[in-house]
Amino acid sequence: AKTITRKATPSGPFATAGTGGGGIEKATWTSLVLLGLLHLFNDSYGGILAPWIPLLREEMSLSLPEAAFLGTIVTLASGIGQPVTGYIADRLQINIFARFFPLLTAVGMSFVGLAPNYSIVIVLLILHGLGTGAFHPQGMAMVGAIGGPRRAFSISLFMTFGTIGYSIAPITLFPLV
């Protein structure tokens, strides 16, 4: 009887691509985690608005529709900004949106608490929305390209980082601002 010896081949997302497991190389993991952390940072600023709304409403004597409109502003600015910046990034083959626009996201939201009036709050939230809207399409495209054969897993990891950032912001960042 002939004995067959099999080489153990790791599989799953943690296997390296060279092992036949279809996994992700260490350098790719590093890039994915860094982009994921950038996504966490970016989206954490979006999670600050909800706890701020009652405070802004009281401080600025906002009506309920005016206060609710603050969330709408962010969503509209982000939604309109995404296809525009995605198109520009594809057309010009640049990646500055994913690298630098999270700073616009942070600046826009960070100064809301210092805004002297409702109009300035709106402007700051538009900046925040445009920053996050510029980040997402390009960040997602970069993660998809880096993920290679593990594209779906890589994108899901990226999305999870963003969700965590948004979710923990009210308890981690809000007390600081």
Side-chain angles (χ1 to χ4, degrees), residues 30-90 92 94-144 146 152-177:
T30 302
S31 296
L32 288 173
V33 168
L34 288 174
L35 280 167
L37 289 171
L38 189 58
H39 195 196
L40 185 145
F41 169 82
N42 184 83
D43 284 14
S44 67
Y45 282 90
I48 297 173
L49 182 59
W52 246 339
I53 288 178
L55 301 175
L56 292 169
R57 185 168 183 224
E58 183 179 325
E59 185 178 317
M60 296 184 177
S61 300
L62 303 178
S63 68
L64 190 54
E66 287 172 325
F69 186 63
L70 297 176
T72 303
I73 286 294
V74 172
T75 303
L76 284 174
S78 175
I80 292 168
Q82 286 187 33
V84 172
T85 56
Y87 176 80
I88 292 168
D90 285 346
L92 302 178
I94 55 174
N95 61 7
I96 62 165
F97 297 120
R99 293 178 185 221
F100 300 110
F101 275 63
L103 293 175
L104 184 61
T105 300
V107 168
M109 191 61 78
S110 294
F111 287 100
V112 166
L114 301 174
N117 59 51
Y118 186 70
S119 297
I120 300 298
V121 170
I122 297 284
V123 169
L124 290 168
L125 292 178
I126 289 171
L127 291 176
H128 165 79
L130 290 173
T132 197
F135 169 75
H136 281 97
Q138 195 165 51
M140 187 74 72
M142 290 170 72
V143 166
I146 290 168
F153 176 76
S154 300
I155 289 172
S156 68
L157 184 66
F158 178 74
M159 296 303 294
T160 299
F161 272 98
T163 301
I164 290 169
Y166 189 85
S167 301
I168 65 172
I171 57 172
T172 58
L173 292 179
F174 184 70
L176 300 175
V177 295

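This is a predicted model, so every value here is computed, not measured. Quick note: numbers below take in every heavy atom, side chains included, and nothing from hydrogens, waters or symmetry partners.
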**OP:** For the pair Phe161 and Leu157, evaluate side chain to side chain contact (heavy atoms under 4.5 Å, CB included) and give the outcome as yes or no after the intermediate values.
**Re:** CA-CA 6 Å; Phe161 272 98; Leu157 184 66; 3.9 Å; yes
Original post:
Run the side chain to side chain contact (heavy atoms under 4.5 Å, CB included) check on Leu38 and Phe135 step by step: do they pass?
Top reply: CA-CA 9 Å; Leu38 189 58; Phe135 169 75; 3.8 Å; yes
[X] to [Y] - nearest heavy-atom pair and separation:
X      : Y      : answer
Leu127 : Gly108 : CB-CA, 4.4 Å
Met142 : Ala98  : SD-CB, 3.6 Å
Val143 : Ser154 : CG1-O, 3.3 Å
Ala77  : Ile126 : CB-O, 3.7 Å
Pro137 : Gln82  : CG-O, 3.5 Å
Phe101 : Leu130 : CD2-O, 4.3 Å

**OP:** Mind running side chain to side chain contact (heavy atoms under 4.5 Å, CB included) on Val33 and Thr30 for me, showing each step along the way?
**Re:** CA-CA 5 Å; Val33 168; Thr30 302; over 6 Å; no
Going from [atom1] on [X] to [atom2] on [Y], what distance comes out if it is rounded to the nearest 0.5 angstrom?
X      : Y      : atom1 : atom2 : value
Met60  : Ser119 : CE    : OG    : 9.5 Å
His39  : Leu34  : NE2   : CG    : 14.5 Å
Ile155 : Leu35  : CD1   : CG    : 11.5 Å
Tyr45  : Leu104 : OH    : CG    : 12.0 Å
Leu62  : Leu55  : CG    : CG    : 11.0 Å
His128 : Leu70  : NE2   : CG    : 11.5 Å

Please confirm whether the backbone N or O of [Y] pairs with a side-chain atom of [X], one donor and one acceptor, at under 3.5 Å?
X      : Y      : value
Thr163 : Met159 : yes
Ser44  : Ala169 : no
Ser78  : Thr75  : no

**OP:** Go through Trp52 and Met109 one step at a time and tell me if the side chain to side chain contact (heavy atoms under 4.5 Å, CB included) criterion holds.
**Re:** CA-CA 10 Å; Trp52 246 339; Met109 191 61 78; 3.7 Å; yes
